[in-house]
Every structure is written in C-alpha cells, then in structure tokens.
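A note on names: the letters A, B, ... follow the listed sequences, proteins ahead of strands, and every chain is numbered from 1.
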Number of protein chains: 2
Amino acid sequence: MSEAADRRAPTMADVAKVAGVSHQTVSRVLSDHPNVRESTRIRVREVIAELGYRPNPAARALVTKRSRTLGVVAANTTLYGPASILAGLEHAARDQGYLVAAVSLDELSETALRKALEHLAAWGVEGAVVMTPHERTVTALLRLAAPFPIVTVEGGHDLDVPGVALDQYAGARMVTEHLLSLGHSSVWHVAGPRQWLEAEGRYQGWRAALDDAGVPVPQSLSGDWSAASGYQAGKLLAAAHASLDEASKPTAVFVANDHMALGVLRALREAGLRVPEDLAVAGFDDLPESDYFVPPLTTVRQDFAAIGRAGVGLLLQRIEAPSAAPVHTTLMPELVVRSSTGAPAGR
Amino acid sequence: MSEAADRRAPTMADVAKVAGVSHQTVSRVLSDHPNVRESTRIRVREVIAELGYRPNPAARALVTKRSRTLGVVAANTTLYGPASILAGLEHAARDQGYLVAAVSLDELSETALRKALEHLAAWGVEGAVVMTPHERTVTALLRLAAPFPIVTVEGGHDLDVPGVALDQYAGARMVTEHLLSLGHSSVWHVAGPRQWLEAEGRYQGWRAALDDAGVPVPQSLSGDWSAASGYQAGKLLAAAHASLDEASKPTAVFVANDHMALGVLRALREAGLRVPEDLAVAGFDDLPESDYFVPPLTTVRQDFAAIGRAGVGLLLQRIEAPSAAPVHTTLMPELVVRSSTGAPAGR
DNA sequence: GAGAGTTTTGTTAGCGCTAACAATACCGTG
DNA sequence: CACGGTATTGTTAGCGCTAACAAAACTCTC
C-alpha cells in the first residue's frame with residue numbers, strides 16, 4: 001500500500017506491466033486460451049492474485065455484447081412455491097456463470113409486467129424467466145415484445161414461448177384418485193382463482209378423475225389461495241355436510257393448495273367435524289409445515305430445484321439459438337399421503 | 001424495416017444521425033441536461049422512440065464506473081420473513097433506479113458467503129445488502145473484505161457495518177408482558193437456535209421481561225425454527241404440564257416463531273391440552289396464515305417493506321459516502337393479539 | 001450593430017476489455 | 001545452420017458511452 005493515492009482498481013494493463021507481458025496475454029490467461037506458455041500463465045496468475053485484479057464486467061460486456069445476466073420476474077415471492085423456484089433458478093444460473101436480476105411484481109397487471117421487462121431490458125439482461133401463473137400475465141406476455149428471449153415457469157403450454165411447468169393436471173388426478181380409492185363416493189374441490197393456470201390445471205385434473213370414475217361431480221368451491229379464503233370455503237363445506245342427505249354430502253375434499261387447506265381444516269374443526277372421519281382433506285404444494293397441520297395433510301409435492309434447473313436450461317438454450325422451436329418441459333409431481341385422508345389416529 | 005441486415009440494436013450515433021445532431025446532444029437529452037433547446041430535445045426524443053433506441057448499460061457503466069446494480073445475499077429465502085424483506089428491498093431499489101442481483105445462500109458457511117460476495121463483485125455491484133441472521137455469517141462478514149459497501153439486515157448492531165434490524169428484544173418483551181398481564185405466574189419459552197441473532201434477541205427480551213416482573217424463569221426449550229422442532233418442544237411442554245405441580249407447571253409459552261408455534265399447537269392438542277385454557281401460546285412473525293391456526297395465534301408483526309426501504313436507503317447512503325460512520329436503524333414490531341392467548345371462544 | 005455574455009451544439013479522448021491480425025520465438029528437419 | 005511450420009506474444013482497432021473542452025449560435029446591452 002505504499003504507492004500513494006493509487007486507490008483505483010487495477011486494470012488489465014496494470015497486471016500486464018507488472019508481469020512484463022502485453023495486456024492481451026493477460027486476457028488470454030483469464031479466458032484459458034490454450035496457446036500460453038505455462039510459465040507465463042503462472043506468472044500472470046501470480047500478479048493477478050498479488051494485485052487483487054478483477055476483470056471489469058462492463059468493459060467485457062461492452063465488447064462481447066453479453067452481460068451474463070438473466071432476469072427473473074415473479075409475483076407472490078413470499079409464497080413458498082414461487083420463493084423456492086426463485087432460489088432454484090438462482091442456483092442453476094450461478095452454476096452456469098450467470099447473475100440473476102430479480103424483479104418482483106406486486107400486481108398482476110400488464111403494466112406491471114411491461115415495467116418489469118423494461119427494467120430488465122434497460123440493464124441488458126440476456127434473457128428472462130417469467131413466472132406467469134396468471135392467465136392475464138400470460139396474454140400480456142404474448143403481447144409484449146421483449147428485446148431478449150423469454151421462458152415461462154408455470155405458464156401453461158399453449159404458447160409459442162418455451163416454458164417449464166409442473167403437471168398440475170396429473171397431480172390433481174393423483175389426489176382425486178387416491179381419495180376415490182379410499183372408498184369415497186365422490187370428491188369435492190376447493191379451487192384456486194380461475195385465472196390462475198395452476199388452478200385451472202388442478203380443476204381439470206379433478207374433474208377428469210371424477211368423470212373417468214363415473215361418479216357425480218359436486219359443485220366446486222373456490223378461494224384466492226389464502227388460508228382466509230379456505231376458511232370461508234370450509235364453512236360452506238361444513239354447511240353442506242350438515243344439510244345434505246347422506247348420499248350427496250361431502251366426505252372428501254381436494255383443496256387446490258395447502259394454505260387454503262389449512263383454512264378448511266380450521267373451519268371444519270370449528271363446525272365440529274372430524275378429519276378424516278367425517279371429511280377427508282387433501283391439499284397441493286407440500287409446505288414444510290403441512291406435516292404439522294391438525295391433522296397432518298395429504299398433499300402433492302413438486303421438485304422446485306428441478307423446475308429452476310429446467311427453466312435456466314431452457315433459457316440458455318434459447319439464448320444460444322433464439323430461432324429454434326419453443327420447447328416445453330413438464331415435470332411430474334409426487335403424492336404425499338398423510339393422515340388427513342386416512343389413518344385417523346395420526347402418525 | 002427496409003434497411004437490410006441491420007439487425008443490430010441502434011446506438012446513440014444512429015439516433016444522432018437521424019436527428020441531425022451530434023451524439024453528445026443525444027446523450028444530453030437522455031440525461032436531462034438543462035442546456036438543450038426544447039425543439040432539439042423533442043426531435044431527439046422522437047427519433048429515440050422511432051428507432052426504439054435503448055442506451056447500452058455496459059458502455060455507460062464503463063465510463064461512469066457505476067453499474068447501478070445492488071446485490072442482495074439471503075439465506076432461507078423460502079421463509080416468509082426473508083422472502084418479504086427481499087421483495088421490499090427489490091421494490092425500494094427499483095424505485096431508486098437500481099437493479100437487484102439476488103444470491104441465495106443454501107448453507108450458512110463462511111465459504112458460501114465468500115463465494116456469494118465474490119460472485120457479486122465479479123459483476124461489479126455497487127453495494128450489497130446481506131441478510132445475516134446467523135452469528136457465524138456475521139463474524140464471517142467481518143473477516144471478509146468486500147470491494148463494495150455492505151449493509152446488514154437483521155444482523156445485530158454491535159458491528160462496524162451499518163445495518164437495519166427489527167427490535168427483537170422489544171418484540172419479545174411485548175409478548176411476554178402481554179402474557180404476564182393476563183395473570184400467568186410465569187411464561188415459558190421455546191427459543192430459536194442460539195446462533196441466530198433474532199433468536200438471541202427474542203430470548204433476551206423474554207428473560208428481561210420475566211426478571212423485571214420478578215417472576216421465576218423456567219428452563220427454556222429450543223428448536224430450529226421448523227414446525228417439526230416446535231412439535232418436539234410442544235411434547236416436552238405437555239409433559240411438563242402433566243408432571244409438574246400446580247405452581248410451576250407451564251400455563252403460557254412464548255414461541256420464537258410462528259412455524260414452531262404451529263408445531264407446539266399440534267403437540268399440545270395431541271396431548272389433550274386446550275389452548276389457551278390450559279396453556280396460552282404466542283408466536284413471532286405473523287405469517288399470513290397464523291390467523292388460521294387452531295386457535296388463531298397471538299404473535300408479533302414486523303413491517304418488511306419498511307425494512308427493505310431502510311436497507312436500500314442505508315446502502316445508497318453508504319455508496320455515496322463510504323467513509324461515514326456506520327449507522328444503525330432499528331424498527332419497532334407490533335403485537336397482534338388473537339385467541340391463542342385469551343378469548344377462548346375464538347372469532 | 002459591435003462587443004460581451006450566455007446558451008446551445010460539436011469535437012475529441014478515453015473508460016477496460018476482446019477480436020483480429022501481425023510479429024516474433026521456438027521447434028525439428030535436411 | 002537455413003528453412004518452413006507452429007507456438008507464443010504483441011499491436012491495433014473499436015465496442016457505445018460520458019466528460020471535458022472548443023466552437024458556434026443566440027442574447028442582450030449601449
């Protein structure tokens with residue numbers, strides 16, 4: 001630290017001078033170019049370490065036209081699912097040498113999405129993953145032309161944008177069939193908001209399972225994913241249980257996510273109904289705490305890390321070959337059976 | 001689109017040529033420099049819109065030496081609290097014209113933190129917010145010299161790094177005093193892991209409240225923040241309730257977070273204890289679903305958006321004046337009373 | 001309507017890096 | 001040891017932008 005006032009970060013030229021080579025040779029060492037004599041490589045590496053040299057990413061991006069940055073646009077990042085996917089995406093991107101710029105949408109409007117994409121464009125991201133659970137977001141995305149490739153997560157597959165999604169339909173079928181196999185004459189459903197693609201997929205899977213089994217399809221209820229809305233739906237279920245005749249009263253319900261299922265459980269309990277004896281309940285998501293609900297919740301688990309890896313993989317592929325046909329990746333969920341649908345005594 | 005093969009993005013020079021001005025004038029329009037004739041400004045703006053010109057952030061960063069990017073390092077981003085803070089930080093940063101690069105730590109080691117900071121450094125962030133809930137992370141942070149300013153969130157205040165934190169101590173006192181005011185002879189505690197600063201703060205607040213009230217301090221239990229660990233602690237509490245004499249058995253417990261409180265509630269229920277009649281329970285965090293636990297949980301709420309704003313504010317301040325004395329901001333939590341500590345009948 | 005000031009615009013240089021090409025150094029061969 | 005070839009290194013240009021300075025163009029005044 002004796003060299004006075006030289007507080008600015010060392011540049012490639014500084015390294016070159018100290019090592020007694022040209023700056024280009026330093027650049028070659030940094031990019032692992034094969035044609036560098038071993039002794040030179042070692043010497044340059046020493047000087048780099050000694051000076052604490054760090055390549056300037058802006059200069060590199062300027063000349064290579066690659067920012068090595070990916071954007072991620074997500075709504076509801078405080079929910080377990082989206083948050084897990086975000087973490088998975090970041091992990092995968094970092095492994096590939098990319099920085100992740102996160103933008104959270106606090107509202108699902110086209111305007112908010114446009115602003116988010118513009119923000120990312122202004123910083124020159126090479127591509128972005130957009131978590132588009134909502135129908136509105138998807139149509140907005142189709143209208144909006146971003147200056148970089150885009151991949152969707154949970155965005156449905158009838159798009160000409162590549163995407164990764166969990167097979168909501170299959171997951172819903174699994175739970176419904178599990179409930180039917182337990183001897184229930186039918187299965188009720190508390191759906192999520194219809195404009196959410198996940199809600200729609202789960203609804204369709206539930207219906208298809210009932211249709212295939214040839215059992216009657218009860219009126220479906222719906223909520224907004226929150227425990228509060230599940231509680232309201234649960235009160236309706238309790239009322240139906242109390243007032244309908246033996247043949248048509250609900251004995252099993254598939255709730256579209258675990259948070260709402262929590263609300264349902266509470267409402268049933270308050271109404272004096274026992275789970276699963278009077279009414280079996282299943283959810284979707286497998287929150288870490290779902291095993292500690294009263295009773296522990298049967299639910300559907302998804303592999304978020306895999307979703308993140310697939311999303312980043314698809315995006316990088318898209319960046320390399322922007323014109324290739326859009327690819328869709330579908331991941332399978334897994335049924336987790338706990339006592340809310342059977343084994344009344346609990347763990 | 002008639003100009004063939006001109007697929008590359010327009011540059012400032014292109015805009016200048018079309019508008020019949022020098023590129024510098026375009027630059028001045030972009031940066032709202034006052035000395036530009038109004039008619040020129042309008043003309044340039046038109047051409048910018050017409051060509052769909054977007055300034056190249058790498059070129060700008062190269063010459064200004066400002067990336068206008070902030071890093072955020074966080075562990076446990078799938079938990080409600082950290083996820084909310086992350087969203088708050090992103091929001092505040094975007095308002096200030098900054099991009100947020102998110103890095104999630106999947107392990108709390110010094111190595112993981114170092115790698116995360118190096119990753120951010122390699123992309124030239126101007127500063128970073130590090131969410132350092134764990135003692136180990138904090139000491140690691142002190143050892144690690146990042147080439148940019150750092151601000152901590154929930155990192156404790158005995159550092160020479162500026163930080164924002166919620167007053168855990170005050171929050172814990174509030175709950176404990178609330179329970180004492182209800183007539184309980186003492187309050188038990190299920191703590192978080194001791195190395196977590198939040199856990200420590202809550203523990204100290206609980207103890208201080210008991211000491212000040214001159215009541216006996218029961219043995220404290222502890223968990224790892226998860227519902228599973230809360231369940232284990234709950235079993236111990238139930239056992240204590242069953243076996244201790246009337247004077248020393250637990251009648252009230254303050255659990256260090258809502259997830260563990262959920263586990264405690266389940267264990268107590270399984271043991272046949274009623275909440276709040278046999279044992280009052282309070283948590284900390286106020287999850288969106290805490291109002292739907294059985295029974296609804298008394299807890300402590302924090303303002304995450306405010307934490308985000310404060311963090312970004314502190315960081316920007318630090319970037320402007322890196323040498324200023326470290327400032328610490330403390331935010332006050334709020335007690336939310338629900339039926340798990342009283343009003344047994346519920347809502 | 002010339003001179004001094006004030007706007008407004010243009011010109012030049014250079015941020016730190018990589019790509020392309022040019023120039024050496026080194027190798028084995030006959 | 002001169003030759004062609006290959007391995008290694010150096011030189012030059014330029015990515016797209018802002019800062020600093022230089023030059024016009026426009027104001028006023030008297």
Considering only side-chain heavy atoms of [X], which listed nucleotide, [options], is closest?
X	options	result
Thr64(B)	dG10(C), dC17(C), dT18(D)	dT18(D)
Ser22(A)	dC17(D), dT11(D), dC17(C)	dT11(D)
Gln24(B)	dT11(D), dT18(D), dG16(C)	dT18(D)
Leu62(B)	dG10(D), dG16(D), dT12(C)	dG16(D)
Arg37(B)	dT12(C), dT9(C), dA13(D)	dT9(C)

Open item on the list: Between Glu107(B) and Ser109(B), is there a side-chain donor-acceptor contact under 3.5 Å, judged purely by atom types and distance?
Closed with: yes
Open item on the list: Tell me whether Thr64(B) contacts the main-chain N or O of Arg60(B) through its side chain, where contact means a donor paired with an acceptor under 3.5 Å.
Closed with: yes
Task: Donor-acceptor under 3.5 Å (Trp123(A) side chain, Arg68(B) main chain) - done: yes
Just the rounded figure in Å: distance from [atom2] of [N] to [atom1] of [X].
X	N	atom1	atom2	result
Arg43(A)	dT9(D)	CZ	P	13 Å
Glu38(B)	dA25(D)	CD	P	21 Å
His33(B)	dT9(C)	NE2	P	10 Å
Met12(A)	dC15(C)	CE	P	15 Å
Arg54(A)	dC15(C)	CZ	P	21 Å
Arg41(A)	dT9(D)	CZ	C1'	13 Å
Lys17(B)	dT11(C)	NZ	P	14 Å
His23(B)	dA20(D)	NE2	C1'	12 Å

Open item on the list: Regarding Ser31(B), tell me which of base, sugar-phosphate or nothing describes its non-hydrogen contacts under 4.0 Å with the strands shown.
Closed with: nothing
- [ ] With heavy atoms under 4.0 Å as the rule, sort Asn35(A) into base, sugar-phosphate or nothing.
- [x]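 Here Asn35(A) touches the bases of the nucleic acid.
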Open item on the list: Quick check on the 6.0 Å ring-centre criterion: do Phe304(A) and Tyr80(A) meet it?
Closed with: yes
So, is [X] near the phosphate of [N], with a side-chain N or O under 4.0 Å from OP1 or OP2?
X	N	value
Ser27(A)	dC17(C)	no
Lys65(B)	dT18(D)	no
Thr25(B)	dT8(C)	no
Thr40(B)	dT9(C)	yes

- [ ] Please tell me which of Arg28(B) and Val63(B) maps to the more 5' nucleotide of DNA chain C, matching each residue to the nucleotide holding its nearest heavy atom.
- [x] Arg28(B)
- [ ] First locate atom CD1 of Ile150(B), then atom CG of Leu314(B), and finally report the distance between them rounded to the nearest 0.5 Å.
- [x]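 Separation between the atoms: 13.0 Å.
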